[in-house]
Amino acid sequence: MADIIQLLPESIANQIAAGEVVQRPASAVKELMENSLDAGATSITLIVKEGGKLLIQVIDNGCGMSETDARMSLERHATSKIRKAEDLFALRTMGFRGEALASIAAVSQLEMKTRLADRELGTRLVVEASEVKIQEPVACEKGTSIVVKNLFFNVPARRNFLKSTAVEMKHVMDEFQRLALAFPSVAFTLFQGDEKVYDLAPGKLSHRIVNLFGKNFESQLIPCKEETEYVRITGYVGKPEFARKTRGEQFFFVNQRFIRSNYLHHAVMSAFEGLLPEQSYPFYVLFLELDPKHIDVNVHPTKTEIKFDDERMVYNIMRAAVRQALGVHHLAPSLDFGVDVNLVSKLQSRGQSAHEVFIEERFQTSGKQQWRELFPEDLSPRVPESLRKDEPAVVEPEKDKPSILGNSTVFQVANRFIVQASSNGLLIIDQQAAHERILFEKFQLAMRQRKGESQQVLFPQTITWSAGDCALITEMMPELEALGFRLEPFGKNTFLITGMPPGLRETSGKDLLEGTLEQFKNQSDLSLPVADRLARALARRSCIKSGTALQTEEMQVLVQQLMRCKTPQYSPSGQMTFFHLEEEKIAAYFNRS
Ligand code: ADP
Ligand code: MG
């Protein structure tokens with residue numbers, strides 16, 4: 001039989017390759033804009049018609065191309081960005097495959113105008129389905145402008161596969177946003193038809209975020225920063241109360257390249273643990289910078305996946321960075337604990353939260369007695385002895401942190417809110433959310449330490465469960481004991497409750513356990529560890545509810561305990577626990593400053 005294998009003509013090979021690189025208008029947008037960035041542009045304009053199906057134009061003020069390069073740029077595997085295989089491991093550019101322009105040109109009608117800075121005339125190229133129709137000199141601006149018309153005009157199957165203009169436009173916007181976020185120092189403009197959708201001036205990342213997503217993001221951003229030898233993490237996370245039910249505003253960039261990573265997402269989510277309502281997603285824009293030799297971006301042609309050589313390390317650093325941001329920068333009013341003021345610098349050098357350093361130091365130097373002072377055990381109406389009245393009133397560990405006036409009057413509003421003066425304003429505390437937070441952290445700590453202090457019950461009650469609940473309870477027994485419950489088997493599916501967690505208001509162990517189990521079962525976020533879910537459930541069940549009248553001492557203790565929490569500003573389910581009304585805000589009500 002005769003030989004039958006032939007090499008494909010270049011134009012067909014390009015068309016096939018295009019299938020991988022260019023799935024839809026948005027992919028072309030991404031490739032063109034990345035080329036502009038690689039060309040060092042400081043200003044990029046994108047014009048899109050009909051979601052990019054009719055027209056995509058990218059205009060940049062980058063380095064431009066010579067006549068020959070302009071022609072070469074359309075060849076497959078033609079790139080100025082790498083020359084040898086090793087270069088792949090030192091990539092600093094967005095592109096490197098040399099496929100994008102060739103692919104786009106294979107499936108569209110493309111026009112390019114480009115000029116080098118030091119040339120008077122530029123080059124104009126008109127290409128249709130890989131075929132160069134015109135190449136001629138042209139007067140044009142420095143930089144490059146590429147128009148892509150009628151994408152997939154010669155591949156009807158693909159063309160028909162495109163979605164509505166609205167859907168395609170959404171994809172285009174996504175790509176635009178990612179690049180605009182990754183390069184805040186570059187000016188970006190987006191026109192949808194004749195309408196200017198974005199006009200983004202170069203500036204700081206925070207400004208870029210606000211310009212892209214709206215003014216209400218201004219007060220929602222918590223800066224995040226962490227640096228190790230392996231990786232540097234910078235960016236912002238949104239405050240927990242700002243979390244949305246839908247995903248979409250979560251961005252990771254590795255060396256300025258947008259990537260998707262469920263793994264890293266999980267790291268961030270675990271840092272938010274105990275701060276978010278169930279099934280909601282916090283905003284974040286996080287940049288990872290690391291030596292390109294640690295990553296492999298060559299996993300997929302569209303390059304949104306990435307491999308790290310040490311994934312676990314990245315995970316841990318990411319988690320710590322976000323945790324730290326939420327704990328430290330996310331300012332809670334601070335109390336004076338008689339700790340030295342250098343605390344903040346110490347914690348920064350050690351990468352711990354102020355709270356952790358503080359606790360650690362207290363614990364080491366003064367042992368158990370003072371440990372109790374930190375966590376007065378109960379909230380019963382009598383003032384715990386541990387609560388010294390003569391605590392020094394105010395200290396400001398950091399200038400911009402409000403501090404509580406220790407001795408100021410506390411009062412309750414509507415049996416719901418606690419009001420106390422701070423050094424520069426008023427603190428308004430939601431008693432239920434606050435107490436839920438306090439108890440949650442206390443229970444977590446108890447379970448971690450497995451101390452299991454318990455309060456003996458005077459009249460033990462029996463409790464009978466269904467077989468299923470009984471299995472659940474038996475499984476959670478170690479955690480329940482650590483919390484202070486004492487349950488003794490008492491016949492089939494029945495227990496005798498002989499001990500309870502100390503310091504709770506609820507006096508019926510039966511009600512408490514039943515209520516807690518109910519809460520526990522109702523949680524939909526089953527991904528959390530059992531201990532955590534139990535701590536949440538018990539805190540929710542046993543916290544002081546709205547509508548409960550409180551005595552002055554109870555309020556004082558509550559406020560102090562709250563401020564000593566690791567994450568005082570939110571309840572475990574992400575509700576705000578307090579609100580700080582600063583002097584300026586009050587003055588603003590009176591139109592004064
Ligand atoms: P890659 O970006 O992977 O190198 P492309 O096909 O996207 O491959 O581009 C091919 C080459 O064309 C680039 O390496 C670059 O030299 C040149 N090029 C493309 N777009 C531009 C631009 N906007 N400005 C200057 N040069 C460009
Ligand atoms: Mg490219």
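The figures that follow rest on heavy atoms only: side chains count, while hydrogens, waters and symmetry mates do not. Atoms within a ligand are numbered from 1 in the order they appear, just like the ligands themselves.
- Nearest-residue assignment for atom 3 (O) of ligand 1 (options Ala102, Gly98, Ala100; heavy-atom criterion): Gly98.
- Annotation: ring-ring contact (aromatic ring centres under 6.0 Å, His included) contacts of Phe440 (sequence neighbours excluded): none.
- The closest non-hydrogen atom to atom 18 (N) of ligand 1, taken over Glu34, Met65, Met33, comes from Met65.
- Taking backbone and side chain together, Asn35 holds an N, O or S atom under 2.8 Å from the Mg ion (ligand 2).
- Contacts of Asp60 with ligand 1, taken as heavy-atom pairs under 4.0 Å, involve the side chain alone.
- Here Thr144 has side-chain heavy atoms under 4.0 Å from ligand 1, and that is the only part of it that gets that close.
- Residue-to-ligand polar distances keep Asp38 apart from ligand 1: every N/O pair is separated by 3.5 Å or more.
- Remark: aromatic rings of Tyr198 and Phe188 are distant, center separation not under 6.0 Å.
- For Phe217 and Phe242, the ring centers are positioned less than 6.0 Å apart.
- Within the structure, the salt bridge (Lys or Arg N to Asp or Glu O under 4.0 Å) test picks out no pair touching residues 50-64 (sequence neighbours left out).
- Salt-bridge formation is not detected for the pair Arg71/Glu67: no Lys NZ or Arg NE/NH1/NH2 atom is positioned less than 4.0 Å from an Asp or Glu carboxylate oxygen.
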